[in-house]
Amino acid sequence: MGDQSAPTNISRRPSIHARIVRIFNHNSDTRSIFLETPTMPPVVPGQFVSVAIPLDGETLTRPYTVASSFGDRELELCFNRVPGGRGVAYLFDRKVGDTLELTGPFGLFTLEAAPSIETVFIAEATAIAPLRPMIRRAVETVPLAPLFLLYAASDAEHLLYLNEIQRYAATEPLFSFETVITPEPWRGLAEIARARWIERDAVRKRQFFICGANEGVLTLRDMLRGAGYERRAVRYEKW
Ligand SMILES: Cc1cc2nc3c(=O)[nH]c(=O)nc-3n(C[C@H](O)[C@H](O)[C@H](O)COP(=O)(O)OP(=O)(O)OC[C@H]3O[C@@H](n4cnc5c(N)ncnc54)[C@H](O)[C@@H]3O)c2cc1C
């Protein structure tokens with residue numbers, strides 16, 4: 001789960017009934033649902049909600065990141081199919097008008113305001129979800145230091161929100177990004193991180209926010225921390 005502690009207090013939070021008002025397919029296996037959530041408390045960029053998933057007489061819960069920003073008209077969850085994944089299959093079966101039961105928001109893998117030190121965001125495919133509102137918050141609260149997004153996927157259709165990312169880069173001089181398309185995204189990301197930061201930074205002053213659903217997240221975390229970046233400067237969330 002990465003930076004955030006386990007959501008042990010889920011049962012003490014009131015449930016939020018959220019109605020699906022819109023569905024958008026990013027590609028053949030990645031979808032966003034947009035929810036009406038009249039009673040949603042404020043969400044800090046990077047936080048997730050816990051979704052109740054009733055299956056075969058039991059109720060599972062699964063965390064899904066809030067991919068939208070607090071104040072947006074609808075709350076967006078963005079997810080991809082996982083082979084054999086029963087929780088996400090339930091979400092793919094939902095239709096406009098259906099209701100989901102959520103608790104939250106939870107999580108400490110967050111960015112509340114524009115950081116004052118140079119910040120690198122690293123993600124693969126759908127795991128851009130927590131970084132998207134963080135980048136938006138940083139760009140909209142007037143960046144104080146360079147922001148760089150390194151975003152990888154195994155093919156172009158799994159790079160999400162590119163129009164928005166390009167718009168930030170065109171309008172905010174302190175924000176830039178690079179996309180990487182490679183069959184093994186985490187190997188590619190680690191190679192770039194080694195060449196660009198580990199081997200070139202004279203002083204380990206940058207901070208990193210890393211998210212993905214692959215062990216590569218932990219490898220990259222350990223590589224950066226092992227190279228001398230402070231523990232708290234290498235923030236991560238592994239799904
Ligand atoms: C804090 C947090 C936030 C998350 N936010 C999102 C989100 O915004 N969107 C999203 O799609 N998922 C997200 N996940 C993952 C999600 O909660 C589920 O684990 C995922 O949908 C699979 O659940 P399942 O019940 O279908 O399959 P399971 O059988 O429970 O999962 C099988 C395995 O799939 C792997 N996995 C998890 N997520 C993915 C993924 N996206 N792609 C490929 N493999 C995966 C995990 O290693 C997991 O052990 C998040 C997880 C955490 C911990």
Side-chain angles (χ1 to χ4, degrees), residues 1-4 6-7 10 18 20 22-35 46-68 75-96 98-104 106-107 109 121-133 149-162 165 179-193 209-223 236-239:
M1 294 267 288
D3 271 341
Q4 79 289 313
I10 282 177
I20 301 175
R22 195 155 58 91
I23 291 177
F24 174 74
N25 290 318
H26 294 270
N27 54 49
S28 57
D29 65 3
T30 312
R31 170 172 290 183
S32 280
I33 53 176
F34 296 84
L35 300 159
Q47 285 192 309
F48 63 89
V49 288
S50 182
V51 181
I53 301 193
L55 281 181
D56 305 331
E58 57 170 341
T59 301
L60 314 174
T61 56
R62 291 286 182 272
Y64 289 92
T65 307
V66 177
S68 47
L75 182 141
E76 178 180 352
L77 304 181
C78 173
F79 46 84
N80 61 274
R81 287 196 190 275
V82 172
R86 294 195 308 153
V88 81
Y90 171 86
L91 288 185
F92 270 96
D93 285 343
R94 298 304 95 199
K95 306 273 181 286
V96 169
D98 287 352
T99 301
L100 293 179
E101 209 166 292
L102 318 176
T103 43
F106 304 106
F109 179 67
F121 301 93
I122 302 178
E124 181 199 1
T126 314
I128 190 75
L131 305 187
R132 178 191 187 212
L149 168 67
L150 180 61
Y151 186 24
S154 53
D155 55 51
E157 66 164 13
H158 286 91
L159 292 171
L160 314 181
Y161 306 113
L162 276 191
I165 292 166
T179 56
V180 185
I181 296 173
T182 167
E184 288 185 75
W186 285 98
R187 181 191 289 264
L189 291 169
E191 281 168 9
I192 292 172
F209 285 81
I210 307 167
C211 188
N214 184 284
E215 292 300 314
V217 172
L218 307 182
T219 307
L220 185 53
R221 172 203 66 185
D222 293 345
M223 216 173 87
Y236 72 99
E237 188 161 78
K238 174 171 175 319
W239 292 354

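Of all non-hydrogen atoms in V217 and E237, the two that sit nearest each other are CG1-O, 4.1 Å. In plain terms, the two heavy atoms of A67 and R132 that are nearest each other are O-NH1, 3.0 Å. When all heavy atoms are compared, the tightest approach of L220 to A190 is CD1-CA, 4.1 Å. The minimum heavy-atom distance linking P133 with A129 is given by the pair CD-O, 2.9 Å. Summarising the geometry of S32 relative to Y161, their closest heavy-atom pair is OG-OH, 3.5 Å, with the distance given to 0.1 Å. Minimum interatomic distance between A123 and L189 (heavy atoms only, all atoms of both residues): O-CD1, 4.0 Å.
In this structure a side-chain-to-backbone donor-acceptor pair under 3.5 Å is present from Q47 to G107. Distance alone, capped at 3.5 Å, is enough to place a donor-acceptor pair between the N27 side chain and the E157 backbone. Of the possible polar contacts, one joining the R31 side chain to the F92 backbone as a donor-acceptor pair under 3.5 Å is found.
In this structure, OG1 on T99 lies 8.0 Å from CD1 on I20, to the nearest 0.5 angstrom. Interatomic distance, OG1 of T219 versus CG of N214, reported as 7.5 Å (0.5 Å rounding). The CD1 atom of I210 sits 8.0 Å away from atom CZ of F109, with the distance rounded to the nearest 0.5 Å. In this structure, the separation between CZ on R86 and CG on L60 is 5.5 Å, given to the nearest 0.5 Å. Here the CG atom belonging to L91 is positioned 11.5 Å from the SG atom belonging to C78, to the nearest 0.5 angstrom. Taken from CG in L162 to OG1 in T179, the straight-line distance is 6.5 Å, to the nearest 0.5 Å.
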Exercise for review: Kindly indicate, with the supporting measurements, whether the criterion side-chain contact (heavy atoms from CB on, under 4.5 Å) is fulfilled by I23 and V96.
Suggested key: CA-CA 7 Å; I23 291 177; V96 169; 4.1 Å; yes

Practice item. Carefully, step by step, assess R22 and E76 under the rule salt bridge (charged side-chain N to carboxylate O under 4.0 Å, His left out). Key: CA-CA 9 Å; R22 195 155 58 91; E76 178 180 352; over 6 Å; no

Practice item. Apply side-chain contact (heavy atoms from CB on, under 4.5 Å) to the pair L100 and R94, showing each step before the final yes or no. Key: CA-CA 9 Å; L100 293 179; R94 298 304 95 199; 3.9 Å; yes

Review point. H158 and D29: side-chain contact (heavy atoms from CB on, under 4.5 Å), yes or no, with the steps?
Key: CA-CA 9 Å; H158 286 91; D29 65 3; 2.8 Å; yes

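For Y90, the ring-ring contact (aromatic ring centres under 6.0 Å, His included) criterion is met by no residue, not counting sequence neighbours.
Two residues are said to be in side-chain contact when any heavy atoms from C-beta on lie closer than 4.5 Å; V88 and N80 fail this criterion. In this structure, the side chains of W239 and C211 come closer than 4.5 Å at one or more pairs of heavy atoms. L218 has its side chain within reach of Y236: a pair of non-hydrogen atoms, C-beta onward, lies under 4.5 Å apart.
Classification of the F79-Y64 ring pair by plane angle, with boundaries at 30° and 60°, yields perpendicular.
Partner of I128 under the side-chain contact (heavy atoms from CB on, under 4.5 Å) criterion, chosen from T65, L160, L159: L160.
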